[in-house]
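Encoded as structure tokens, the structure appears first; notes follow it.
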Amino acid sequence: MKVVIIGGVAGGATAAARLRRLDESAEIILFERGEYISFANCGLPYYIGGEIKEKSALTVQTPESFRARLNVDVRTRQTVTAVDRKNKSVTVRRENGEEYSETYDKLLITPGAAPVRPPLKGTDKENVFTLRNIPDTYRMDEYITARKPKTAAVVGGGFIGLEMAENLTRRGIAVTVIEAAPQIAAVLDEDTACDLQNYLTEQGVRIRTNAKIESTDETGCDMTLLSVGVRPESELAAACGLETGLRGAIKTDDHMRTSDPDIYAAGDVVQIRNFVTGGEGYIPLAGPANKQARIAADNIAGGNSVYRGTQGTSVLKAFGMTAAATGLNERAAKAAGIPYDKVFLYSANHASYYPGAQFMNLKVLFHKESGKILGAQAVGFDGTDKRIDVLATAIRAGMTAGDLCGLELAYAPPFSSAKDPVNMAGYVIENLLSGKVRQIHWHDVDSLTGTPGLQRIDVRPAAAYANGTIPGAVSIPLAQLRGRLGEIDKSRPVYVSCQTGLNSYIACRILLQNGFQAVNLAGGYRLYNAVRQAKTCNASQETT
């Protein structure tokens with residue numbers, strides 16, 4: 001069997017290695033138009049920032065080592081320009097312009113995705129960059145070393161753009177992130193992204209949201225990085241008549257087979273099935289790309305492996321902070337028409353009495369009727385990625401809130417609490433589903449303001465109340481609540497807030513059992529104020 005693979009980075013190299021392990025007799029030819037194969041795309045920002053210091057650390061395998069270890073015919077600096085499905089051959093152009101044909105029994109297309117270049121004036125200037133491969137990285141590094149820019153604009157506030165904001169800052173450059181959407185980090189919802197934005201601002205990164213520019217000159221910066229997303233490099237597939245879908249990505253079945261039974265595709269070039277909704281999607285991530293490539297190789301070798309969908313688990317390091325997400329965010333849940341609700345927790349990463357405890361903002365989406373976990377987001381410090389990984393596993397296993405309550409997770413004071421934040425999320429959701437408490441959210445607060453007869457109480461200590469509260473809230477500290485029930489009207493709902501939503505839940509239980517209609521503010525004043533702070537910062541940036 002002769003297998004031709006187009007693209008030699010994550011997907012192509014993984015598939016070639018897997019195929020060789022499965023079939024020692026197969027003839028495997030790997031085409032890569034660039035100089036490097038199997039390189040660490042996700043590590044490129046950290047080379048710019050100086051955390052990865054050696055160029056050799058960026059390449060997992062060289063063409064020579066790949067040939068020697070796996071007996072794969074690696075052909076770098078050669079570009080596949082056409083696919084002839086009828087004759088089962090590809091046209092290849094060498095670096096000197098010469099062309100030749102290569103036949104195949106099975107073809108795997110894994111060219112990945114290319115950075116989107118927005119329709120801005122000036123994108124061809126020498127101080128404007130994208131970051132996709134090792135040559136892009138070296139070019140940017142050499143420019144910074146030689147020109148010593150003082151300011152940089154990052155156009156696009158996604159995870160890659162924010163990683164670059166950190167690493168350019170580490171090079172001593174003042175960074176402005178320019179994002180056209182109302183918030184940065186689109187995989188997060190506004191109420192988790194706000195903590196990330198506020199933290200980045202504290203680190204000296206200037207963030208402009210709702211900002212649209214027509215020219216790179218408008219940034220006013222010494223250099224510009226374009227980081228507005230990627231598009232699947234599916235031109236070859238479209239030209240030879242393979243079926244494509246969202247954003248032009250190649251359609252495959254669960255075996256990673258395209259509309260041609262002898263052609264497979266994997267990685268950032270393919271359309272995926274969303275694991276949670278079952279709908280079509282496009283989620284370019286390294287983890288799914290490698291899994292898809294392995295599955296394609298299994299099936300090319302005669303196996304029966306199945307790819308069960310992508311749920312979009314991702315994580316970001318931003319200076320000392322971690323932001324991570326898995327499954328659906330609110331926009332995706334609404335688009336899918338799923339009846340959902342959400343809970344917020346502000347929990348310590350380990351036992352609060354053990355030195356060094358830090359709090360994380362954890363948000364979990366769940367199905368209103370079944371309690372099934374739909375998605376989760378977390379922004380915090382040490383241990384944040386651990387909780388998202390547990391919740392990603394819970395989503396993959398179809399777990400409900402009750403299942404989260406029952407999870408037995410590793411506990412010792414330096415690592416967690418006896419009731420881990422993931423367990424706590426299950427408890428909070430179960431309380432809602434069982435009717436032990438009702439809740440409203442931060443975005444409901446202002447819409448209620450001005451309602452005739454509105455009752456709001458803040459159960460935090462008086463000193464915390466004095467530093468800011470929900471508009472119109474009256475101070476009744478939790479420790480005094482039982483003795484001051486006469487100050488509250490039983491005939492009208494009372495909206496209760498505290499700092500994070502925990503003490504106000506306790507207050508709601510007291511009130512409900514005394515005949516009051518109590519409603520808890522999820523996430524408390526801390527979340528309400530964090531969103532307001534981010535919005536205020538956005539407004540001030542838009543005017544400067």
Look up atom [atom1] in [X] and atom [atom2] in [Y], then write down how far apart they are to the nearest 0.5 Å.
X      : Y      : atom1 : atom2 : value
Leu22  : Arg18  : CG    : CZ    : 4.5 Å
Arg231 : Tyr282 : CZ    : OH    : 9.0 Å
Asn198 : Met321 : CG    : CE    : 8.5 Å
Gln358 : Thr384 : CD    : OG1   : 8.5 Å
Asn529 : Trp442 : CG    : CH2   : 12.5 Å
Asn423 : Ser416 : CG    : OG    : 7.5 Å

**Study point:** side chain to side chain donor-acceptor pair (under 3.5 Å) between Asp341 and His441, intermediate numbers included
**Key:** CA-CA 10 Å; Asp341 203 350; His441 296 291; 3.1 Å; yes
Check your understanding: Do Arg308 and Phe275 meet the cation-pi criteria used here (NZ or CZ under 6.0 Å from the six-membered ring centre, within 45° of the axis)?
Key -> no
**Study point:** Qualifying residue for side chain to side chain donor-acceptor pair (under 3.5 Å) with Gln377, from Asn361, Thr326, Asp189, Asp191
**Key:** Asp189
Heavy atoms, side chains only, cut-off 4.5 Å: are [X] and [Y] in contact?
X      : Y      : value
Glu163 : Tyr46  : yes
Met164 : Ile48  : yes
Ile470 : Asp458 : no
Gln311 : Asn274 : no
Arg509 : Asn431 : no
Leu448 : Ile440 : yes
Ile373 : Leu404 : yes
Thr252 : Tyr264 : no

Answer yes or no: does atom [atom1] of [X] have more than 12 heavy-atom neighbours from other residues, nucleotides or ligands under 6.0 Å?
X      : atom1 : value
Lys386 : NZ    : yes
Phe415 : CZ    : no
Arg438 : CZ    : no

Over all heavy atoms of both residues, which pair between [X] and [Y] is shortest? Give the atoms and the distance, please.
X      : Y      : answer
Ala507 : Leu481 : CB-CD2, 3.7 Å
Gly312 : Leu285 : CA-CD1, 3.7 Å
Pro471 : Val445 : CD-CG1, 4.4 Å
Ile388 : Ala324 : CG1-CB, 3.5 Å
Ala336 : Thr277 : CB-CG2, 3.8 Å
Val228 : Val116 : CG2-O, 3.4 Å

Under 3.5 Å: donor-acceptor pair, side chain of [X], backbone of [Y]:
X      : Y      : answer
Asn290 : Ala286 : yes
Glu202 : Gly204 : no
Tyr465 : Ala473 : yes
Asp403 : Thr400 : yes
Gln499 : Ala464 : no
Arg482 : Ile510 : no
Thr59  : Gln61  : no
Glu280 : Arg273 : no

Point to revise | Derivation and outcome, side-chain contact (heavy atoms from CB on, under 4.5 Å), residues Val422 and Leu391 | key: CA-CA 7 Å; Val422 173; Leu391 288 161; 4.0 Å; yes
Check your understanding: Any idea how Phe381 and Tyr199 line up, ring-wise: parallel (<30°), tilted (30 to 60°), or perpendicular (>60°)?
Key -> perpendicular
One thing to verify: whether [Y] and [X] come together as a salt bridge, which I'm taking to mean a side-chain N less than 4.0 angstrom from a carboxylate O.
X      : Y      : result
Glu179 : Arg208 : no
Glu51  : Arg170 : yes
Arg132 : Asp268 : no
Lys363 : Glu330 : yes

Check your understanding: Going through the checks in order, is the side-chain contact (heavy atoms from CB on, under 4.5 Å) test met by Val306 and His255?
Key -> CA-CA 5 Å; Val306 173; His255 298 280; 3.8 Å; yes
Exercise for review: Please check if any side-chain donor atom of Thr449 sits under 3.5 Å from a side-chain acceptor atom of Arg456, or the reverse.
Suggested key: yes
Exercise for review: Give the C-alpha distance, both sets of side-chain angles, the deciding distance and a yes or no for side-chain contact (heavy atoms from CB on, under 4.5 Å) between Thr14 and Thr110.
Suggested key: CA-CA 10 Å; Thr14 293; Thr110 62; over 6 Å; no
Exercise for review: In sequence, state the C-alpha distance, the side-chain angles, and the governing distance for Ser434 and Lys436, and then conclude on side chain to side chain donor-acceptor pair (under 3.5 Å).
Suggested key: CA-CA 6 Å; Ser434 63; Lys436 290 184 176 64; 3.2 Å; yes
Check your understanding: Under the ring pair (Phe, Tyr, Trp, His ring centres under 6.0 Å) test, which residues partner Phe319, sequence neighbours left out?
Key -> none
Check residues 517-525 and write down every donor-acceptor pair under 3.5 Å in which the side-chain atom is one partner and the other belongs to a residue at least two apart or another chain.
{"unit_1": "Gln517", "atom_1": "NE2", "unit_2": "Ser491", "atom_2": "O", "d": "3.4"}
{"unit_1": "Asn520", "atom_1": "OD1", "unit_2": "Ser504", "atom_2": "OG", "d": "2.4"}
{"unit_1": "Asn520", "atom_1": "ND2", "unit_2": "Gly501", "atom_2": "O", "d": "3.2"}
{"unit_1": "Tyr525", "atom_1": "OH", "unit_2": "Arg532", "atom_2": "NH2", "d": "3.3"}

Practice item. Go through the steps to decide whether Gln203 and Thr169 satisfy the test side-chain contact (heavy atoms from CB on, under 4.5 Å), and finish with yes or no. Key: CA-CA 9 Å; Gln203 305 309 306; Thr169 300; over 6 Å; no
Point to revise | Chi angles and distances behind the ring-ring contact (aromatic ring centres under 6.0 Å, His included) call for Tyr427, Tyr505 | key: CA-CA 12 Å; Tyr427 298 148; Tyr505 161 69; over 10 Å; no
Exercise for review: Among Ile178, Ile184, Val177, find the one that has a side chain to side chain contact (heavy atoms under 4.5 Å, CB included) with Thr209.
Suggested key: Ile184
Point to revise | CA sep, side-chain torsions, deciding dist, call: Tyr354, Asn349, side chain to side chain donor-acceptor pair (under 3.5 Å) | key: CA-CA 10 Å; Tyr354 185 86; Asn349 62 330; over 6 Å; no
Practice item. Show your reasoning for whether salt bridge (charged side-chain N to carboxylate O under 4.0 Å, His left out) applies to Asp195 and Arg526. Key: CA-CA 10 Å; Asp195 275 353; Arg526 192 210 71 85; 3.2 Å; yes
